[in-house]
Undergrad: 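Quick one: the structure is below, questions incoming.
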Amino acid sequence: MSGEKLLVVKDLTTTFATLAGPLPAVGGISFDLATNETLGIVGESGSGKTVLARTIMGLQPRTNVTVTGSVLLDGHQVVGASEDEMRRLWGTEVAMIFQDPMTSLNPVMRVGRQIDETLRVRMGMSRRDARARAIELLELVGIPSPERRYRAFPGQLSGGMRQRIVIATALACSPKLLLADEPTTGLDVTIQAQILNLLDELKESLHMSVVLVTHDLGVVATRTSKIVVMYAGRVVEMGSTRDVFAHHRMPYTRALLESSPKITSPSHTRLATIPGRPPNLLQLTQGCSFAPRCAYASDRCREERPELEATAEPGHLFACWNPLAHDREAVTL
């Protein structure tokens with residue numbers, strides 16, 4: 001792993017203007033990512049993971065959205081960049097795999113042409129060279145009979161095939177950073193494993209950095225080197241994957257781990273759940289956002305929001321007034 005920082009995010013905030021008032025979807029997030037490293041961003045639905053990824057990608061609308069802070073991508077400042085400046089980064093510097101491949105692909109355009117378009121616009125390839133490269137990419141992502149699939153429409157392919165097409169499109173211009181937003185949503189377990197294994201292989205062969213966005217800690221357990229845990233638009237714990245799993249201090253992190261299915265549990269074991277609901281971002285209080293759902297909450301938790309605090313492990317931070325004991329037993333998924 002190279003120590004060179006490809007991505008540096010500092011005090012990043014994303015706030016949407018709504019009729020009910022400002023909605024702080026991402027609040028003051030900072031982290032970095034080295035070259036050829038994989039980072040996992042985890043949290044429940046509504047925690048701000050996708051908004052964070054889209055902000056890093058520079059895909060937020062130009063109106064009714066305020067983005068502050070800094071996102072340095074290979075030395076390029078994303079925050080405040082014009083659309084023309086971002087177009088020069090999209091594809092070659094950064095690319096994104098979106099959650100639903102069926103909405104990412106044009107249903108009335110053959111999949112080959114959708115990959116061709118990226119190559120011709122961003123790389124200036126001729127139609128013939130783009131077609132050859134597209135077929136090569138389809139083969140790279142494990143699509144059987146790539147020349148025949150090149151002429152297919154998205155609706156003629158399975159969910160796993162469509163996801164591979166989306167990955168091929170994202171990789172077309174050999175980006176340095178790949179943002180994968182829930183890349184296995186809606187796929188069965190076998191196809192999920194195939195897609196995740198494919199991303200691991202492509203990361204190594206293409207020397208990319210990867211940000212893997214997911215709600216499932218089981219997905220990031222063996223595929224990431226660092227984890228950022230988000231809740232209500234903020235980071236509540238972050239550190240190396242090993243430290244977060246073995247020595248997590250934030251009760252929310254523990255709750256996420258306990259709600260994941262365990263391969264050691266007997267069949268039909270009832271899954272653990274986190275009580276309550278995620279907070280309304282329009283009605284955040286001054287205290288810890290997780291306090292209403294936390295068994296360890298005190299009056300201070302409800303009145304004062306904790307900031308990230310360092311642990312004994314380098315780079316491991318957590319935000320909690322009543323952290324779990326350092327020697328708590330690690331969770332095995």
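All residue numbers refer to positions in the sequence shown, counting from 1.
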Undergrad: Measure across Phe318 and Pro323 and return the closest heavy-atom pair with its distance rounded to 0.1 Å.
TA: CE1-CB, 3.5 Å
Undergrad: Please check if the side chain of Thr92 supplies one atom and the backbone of Arg88 the other of a donor-acceptor pair under 3.5 Å.
TA: yes
Undergrad: Quick check for you: to the nearest 0.5 Å, what is the distance between Arg120 atom CZ and Arg113 atom CZ?
TA: 8.5 Å
Undergrad: Does Ile227 offer a backbone N or O that forms a donor-acceptor pair with the side chain of Thr224 under 3.5 Å?
TA: no
Undergrad: Tell me whether the NZ or CZ atom of Arg131 lies within the 45° cone about the ring axis of Tyr150 and under 6.0 Å from its centre.
TA: yes
Undergrad: Sub-3.5 Å donor-acceptor pair from the side chain of Gln114 to the main-chain atoms of Met109, do we have one?
TA: yes
Undergrad: List for me each residue that meets side-chain hydrogen bond (donor to acceptor under 3.5 Å, both in side chains) alongside Ser174, sequence neighbours excluded, and say none if there are none.
TA: none
Undergrad: Only pairs under 3.5 Å count here: list side-chain donor-acceptor contacts from residues 26-34, not counting sequence neighbours, and write none if there are none.
TA:
{"residue": "Ser30", "atom": "OG", "partner": "Asp11", "partner atom": "N", "Å": "2.8"}
{"residue": "Asp32", "atom": "OD1", "partner": "Lys5", "partner atom": "NZ", "Å": "3.2"}
{"residue": "Asp32", "atom": "OD1", "partner": "Lys226", "partner atom": "NZ", "Å": "3.2"}

Undergrad: Sort and list the pairs that fulfil salt bridge (charged side-chain N to carboxylate O under 4.0 Å, His left out) and have at least one residue in residues 148-176, not counting sequence neighbours.
TA: Asp74-Lys176, Glu93-Lys176
Undergrad: Between atom CE of Met123 and atom OG1 of Thr118, what is the distance when rounded to the nearest 0.5 Å?
TA: 11.0 Å
Undergrad: Would Asn197 and Arg223 count as having a side-chain donor-acceptor pair, cut-off 3.5 Å?
TA: yes
Undergrad: Do Ser225 and Thr38 get their side chains close enough for a donor-acceptor pair, meaning under 3.5 Å?
TA: no
Undergrad: Going by the salt bridge (charged side-chain N to carboxylate O under 4.0 Å, His left out) test, which pairs reach into residues 202-212, not counting sequence neighbours?
TA: none
Undergrad: Enumerate the ring pair (Phe, Tyr, Trp, His ring centres under 6.0 Å) contacts for residues 62-111, please, sequence neighbours excluded, ordered by first and then second residue.
TA: none
Undergrad: What pairs of residues pass the salt bridge (charged side-chain N to carboxylate O under 4.0 Å, His left out) test when at least one of them lies in residues 286-296, not counting sequence neighbours?
TA: Glu44-Arg293
Undergrad: Please name the pair of heavy atoms, one in Leu199 and one in Ala180, separated by the smallest distance, quoted to 0.1 Å.
TA: CD1-CB, 4.4 Å
